[in-house]
Amino acid sequence: MTHYDVAVIGAGAAGLAAGLTLQAAGKSFIVLEARDRIGGRAFTDTATLGLPFDCGAHWLHAASQNPFTTIADRLGFAYNDKISWADVVRMGKGGPLPDAVQAEAVDYIIDVLTRISEVREDVPFSAYLEPGNRWNPLMDQIIGQITSHAPESCSTLDAARYVDEGGDFPVKDGYGALVARNAAGLPVTLATPVSRIDWSGPQVRVETERGTVTASTIILAVPINVLIADGIRFDPALPAELVRAFHDCPMGVSEKLAVLLDKPIEGFGHIYGDVIFEDPAKRPFNLHINPFGRPLLVSHMGGSYGAEMERLSDDAMMALAMEAMVEAFGSGIKTRVVKALRTHWASDPYALGGYSHAKPGKAASRLSFQEPVGDRIVLAGEHCSIPFYSTVHGAHLSGIAAADKAIGLI
């Protein structure tokens, strides 16, 4: 049985950052990953569509503070630092909606999000929506994209603590590819799910399908919904207070659909948009148009709407997407579809969701993830970051902090 100073469970952004930090510190460590690849929910698929497509994370959020912005510059990864709210367009009736309608939507969106970001009370996002406002369905969709939850399930105080400064930039060749490149050379043991962690003795025993390793301490860098679902068994059980905190900050649903076209949509640059149907019974449909000039239409579906979409069959999903594409660009779009790719993070056993957000009244629960458990277990992941939760760089920074804590415990 091999013994290490630290065993890192999970090779997403947090686990990779922890491994790199331990490597630089000269500690003995092992990184165990259940998948046959690294990156977790930061994953760039280049094979399915013949183009790089980020199945999960794709924004350099809070770009001026995000360490991956500097890493991207160092590694030669291009990103779009010009895109902004001004590039978001609402589509309908075969093209962009009138300017006055666009302005009305933007004013409401900015007003709601600004008020939520400034509050210091722990109540649901839905408390800040105007009853009966015509843009509430779009607001529901946008909140779902931001938080992966429905407005009634999100804590305003958790959101107010989030830091989002310096722009949000998509990465041309993929954020997932950037995360993987940054970790090139880091030894990771792939296709090795951890089934049980025994921390009852002086050493931690980590049991996998390929054998058992021991470590002085471990870094637990797996998605919070996997912990909620008891995807790993702990002996003894984790403290009840910590388990309650997991349930207070669950991951919601964040899914994507990418549609490959024969050529880019004419008359549009690289923009984000939403299809607004004339029929108010039909929900808005998000569309990212011509990313980096490529012939793609990408839809991001989060929250309760994303949960509904994730359960649909491929045919039903494409039928909805086609209806939205026709509403935005006319019936001629029907003949231009080449191939499609959709995600299923919510049912992926090693993810089980999008990203975390505290429930209303439970923002303080995120503080529970900061301290080591029994001087042998350190938590890492986007759910551990108070100012940058739900992001790749939040996970990355939490991995560095977790490694430093683990080194201090050895």
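Note that the numbering runs from 1 along the sequence shown for the chain.
- Annotation: side chain of Pro239 is in contact with side chain of Val373 (closest heavy-atom distance under 4.5 Å).
- Aromatic pair Phe125/His357: ring centres closer than 6.0 Å.
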I would like to know whether Arg181 and Asp173 meet salt bridge (charged side-chain N to carboxylate O under 4.0 Å, His left out); could you show each step before the answer?
CA-CA 11 Å; Arg181 178 78 66 81; Asp173 291 328; over 6 Å; no
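- Taking a cutoff of 4.0 Å between a charged side-chain nitrogen and a carboxylate oxygen, Arg90 and Asp274 qualify as a salt bridge.
- Within 6.0 Å of CZ in Arg336 there are more than 12 heavy atoms belonging to other residues, nucleotides or ligands.
- Under the 3.5 Å distance criterion, with hydrogens and angles disregarded, no donor-acceptor pair is assigned to the side chains of Asp315 and Ser313.
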If you apply the rule side-chain contact (heavy atoms from CB on, under 4.5 Å), what do you find for Leu227 with Phe234, and how did you get there?
CA-CA 10 Å; Leu227 299 175; Phe234 292 86; 4.3 Å; yes
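- Judged by distance alone, the side chain of Asn66 and the main-chain N or O of His61 form a donor-acceptor pair under 3.5 Å.
- Under the 6.0 Å distance and 45° angle rule, Arg366 counts as a cation-pi partner of Tyr389.
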Walk me through whether Tyr79 and Asp73 qualify under side-chain contact (heavy atoms from CB on, under 4.5 Å).
CA-CA 9 Å; Tyr79 47 85; Asp73 292 337; 2.9 Å; yes
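- Counted within 6.0 Å of NZ on Lys405, heavy atoms from surrounding residues, nucleotides or ligands total more than 12; the atom is thus considered enclosed.
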Working for side-chain hydrogen bond (donor to acceptor under 3.5 Å, both in side chains), residues Glu209 and Ser195
CA-CA 7 Å; Glu209 297 175 354; Ser195 56; over 6 Å; no
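- Taking the side chain as every heavy atom from C-beta outward, Pro187 and Val31 never approach each other to under 4.5 Å.
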Could you check Arg115 against Asp111 for salt bridge (charged side-chain N to carboxylate O under 4.0 Å, His left out), going step by step and ending with a plain yes or no?
CA-CA 6 Å; Arg115 287 187 291 123; Asp111 176 63; 3.2 Å; yes
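- Side-chain contact between Phe329 and Leu297: present, with at least one pair of heavy atoms (C-beta onward) separated by less than 4.5 Å.
- Using a 4.0 Å cut-off between a side-chain N of Lys or Arg and a carboxylate O of Asp or Glu, Arg342 and Asp45 do not qualify as a salt bridge.
- Proximity of Ser304 to Asp140: side-chain heavy atoms (C-beta onward) are separated by under 4.5 Å at one or more points.
- Close placement of the Phe292 and His270 rings is indicated, their centers lying within 6.0 Å of each other.
- Both cation-pi conditions hold for Arg37 and Phe43: the charged atom is under 6.0 angstrom from the six-membered ring centre and inside a 45 degree cone around its axis.
- Side-chain contact between Thr391 and Ser385: absent, with no pair of heavy atoms (C-beta onward) separated by less than 4.5 Å.
- Put simply, the side chain of Met317 does not reach to within 4.5 Å of the side chain of Glu255, judged on heavy atoms.
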Might you work through the side-chain hydrogen bond (donor to acceptor under 3.5 Å, both in side chains) test for Asp235 and Ser200, ending with a clear yes or no?
CA-CA 6 Å; Asp235 292 321; Ser200 60; over 6 Å; no
Test side-chain hydrogen bond (donor to acceptor under 3.5 Å, both in side chains) on Asp5 and Ser216 and set out the steps.
CA-CA 5 Å; Asp5 290 332; Ser216 298; 4.7 Å; no
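- Taking the six-membered ring for Trp and the full ring otherwise, Tyr272 and Trp59 have centroids separated by under 6.0 Å.
- Atom CD of Glu241 is surrounded by 12 or fewer heavy atoms from other residues, nucleotides or ligands within 6.0 Å.
- Proximity of the aromatic rings of His393 and Phe68 is defined here by a centroid distance below 6.0 angstrom, and this criterion is not met.
- Between Val6 and Leu409, every side-chain heavy-atom pair lies at or beyond the 4.5 Å cut-off.
- With hydrogens and angles ignored, the 3.5 Å screen pairs no side-chain donor or acceptor of Arg283 with any backbone N or O of Pro137.
- Test His300, His288, His58 against Lys256 for side chain to side chain donor-acceptor pair (under 3.5 Å) and you get one pass: His58.
- Atom CG of Asp262 sits in a crowded spot, with more than 12 heavy atoms from other residues, nucleotides or ligands closer than 6.0 Å.
- Remark: Glu323 CD is packed, more than 12 non-hydrogen atoms of other residues, nucleotides or ligands lying under 6.0 Å away.
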